[in-house]
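Each remark here refers to the structure printed beneath this line.
Naming convention: chains lettered A, B, ... in sequence-line order (proteins, then strands); numbering from 1 in each chain.
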Amino acid sequence: MMESHARVLSVLRSVTGKAEADPGEDESLFSSGILDSFALADFVSGLEEEFGVTVPDSDLSARKFDTLRKVDAYIAAKQG
Amino acid sequence: MAFLRAFGSHLPARRVGNDELAALTGVTPEWILNVSGISERRFAADDETVASLGLAAARNCLEKAAVAPESLGMILVASGSAPRFTPGAASQIAAELGLTETPALDIPVASAGSLIGLTLASQLAPKVGPVLVIGAETMSRAVDRTPEGKDTAILFGDGAGACLVDPDSGLVRIADFTLHTDGSASEILKLEAGRIHMQGLNVILQASRKIPRAIKTLLERNSLAPDAPAVYLMHQANLNLIKRVADTLKVPHERFFTNLERYGNTSAASLLIAADEWFAAQTKPVSAPLVFAAFGTGLNWGALLALPA
């Protein structure tokens, strides 16, 4: 899980170009200004590539990717 | 077989710059330009309606085609902002054109409606004769021009476009299309009680995945590479979204025609206004494929491939 979390954070930093970004587990990635609408699309694509998973259209909701805790849980469930 | 024979458009005279909207919505003109790519848009006058704008675009298109209204086999009018759900603007436009028996139907799908109209017309024209597809909107009346409504207030403009789909000849031939609907996400973009409601994050997320996928599907099944089309004519929603679609397809941004800098997002009208301007600028017959694409309420989205006539 820790390794997965680090990879999620790496994807986040890569797609946003914010190498110093270090949001808390439950900090909103949108309210904090780390992600905007276009970076969110890149983030989702980056997660698919990094973890070899497919995010279906039915999961394309900002709510599912709002915090690192939610993203970690989502990736874990996809890899289940 | 069906052809895109002529296009037309009509824009209201009143230009609304970012400074005017910035003052109302509590942002800066630069912010509006940065998040949307829009410099100005047109707003309809009090006496202009979806029907009157659509009628003006229809007449412009028929004049370019040198076709009398009596020759039409059908009229399709796409609009998400018509003031009355039924009867909508189609029957009114038909009546203003002097037609009392020609079928005239509404397509109440904001943003994607004119693409749907073109695809339906391509199937109907061989049966009923020339089909006039119109997209007309007064979206400026559906937004909240206050700080709370800034995300939509800055985007939308008014206008109308038209296209004559002919069974026998035209500028380009409609070769193929793909249309899709996903109602499971319909709540993220809707017009209710005269107001547009848009969950921007989710709309961009959905559109930035669905539009390129539809285009790729269309190109692949016609054995065309993404760089084959001479131009991509897309619903003019947001400059950043258009660039993102281009990036996903690995096509230069310049291959995507844009005019939303001047008109904003005119919803169902935008695709036909853009096509009218692009074709008007061509000095030679089209010699390469063209792709039309749109995404709108429903969610409805799709793409259409046109080939040299």
**OP:** Quick one: pull up OG in B:S184 and CG in A:L60 and give me the separation to the nearest 0.5 Å.
**Re:** 9.5 Å

Original post:
How far does CG of A:D36 sit from CG of B:L201, to the nearest 0.5 angstrom?
Top reply: 8.0 Å

Original post:
What's the spacing between A:D57 CG and B:H180 NE2 if we round to 0.5 Å?
Top reply: 10.5 Å

Original post:
At what distance, to the nearest 0.5 angstrom, does CG of B:N240 lie from OG of A:S37?
Top reply: 7.5 Å

Subject >> Flag if over 12 foreign heavy atoms under 6.0 Å of CD, A:E49 >> reply: no

Original post:
Are side-chain heavy atoms of B:L205 and A:V44 found at a separation under 4.5 Å?
Top reply: yes

Subject >> Residue among B:L241, B:D182, B:V35 with most heavy-atom pairs under 4.5 Å to chain A >> reply: B:L241

Original post:
Using non-hydrogen atoms only, which part of A:S61 is less than 4.5 Å away from chain B: side chain, backbone, both, or neither?
Top reply: both

Subject >> Criterion side-chain contact (heavy atoms from CB on, under 4.5 Å) on B:R244 and A:D42, from CA distance to verdict >> reply: CA-CA 10 Å; B:R244 184 181 169 77; A:D42 289 333; 2.2 Å; yes

Original post:
How about B:R209 and A:S45: do any of their side-chain heavy atoms sit closer than 4.5 Å?
Top reply: yes

**OP:** Using a cut-off of 6.0 Å, state whether more than 12 heavy atoms not belonging to B:R221 lie near its atom CZ.
**Re:** yes

**OP:** Kindly indicate whether the side chain of A:F38, heavy atoms from C-beta on, has any atom under 4.5 Å from the side chain of B:N238.
**Re:** yes

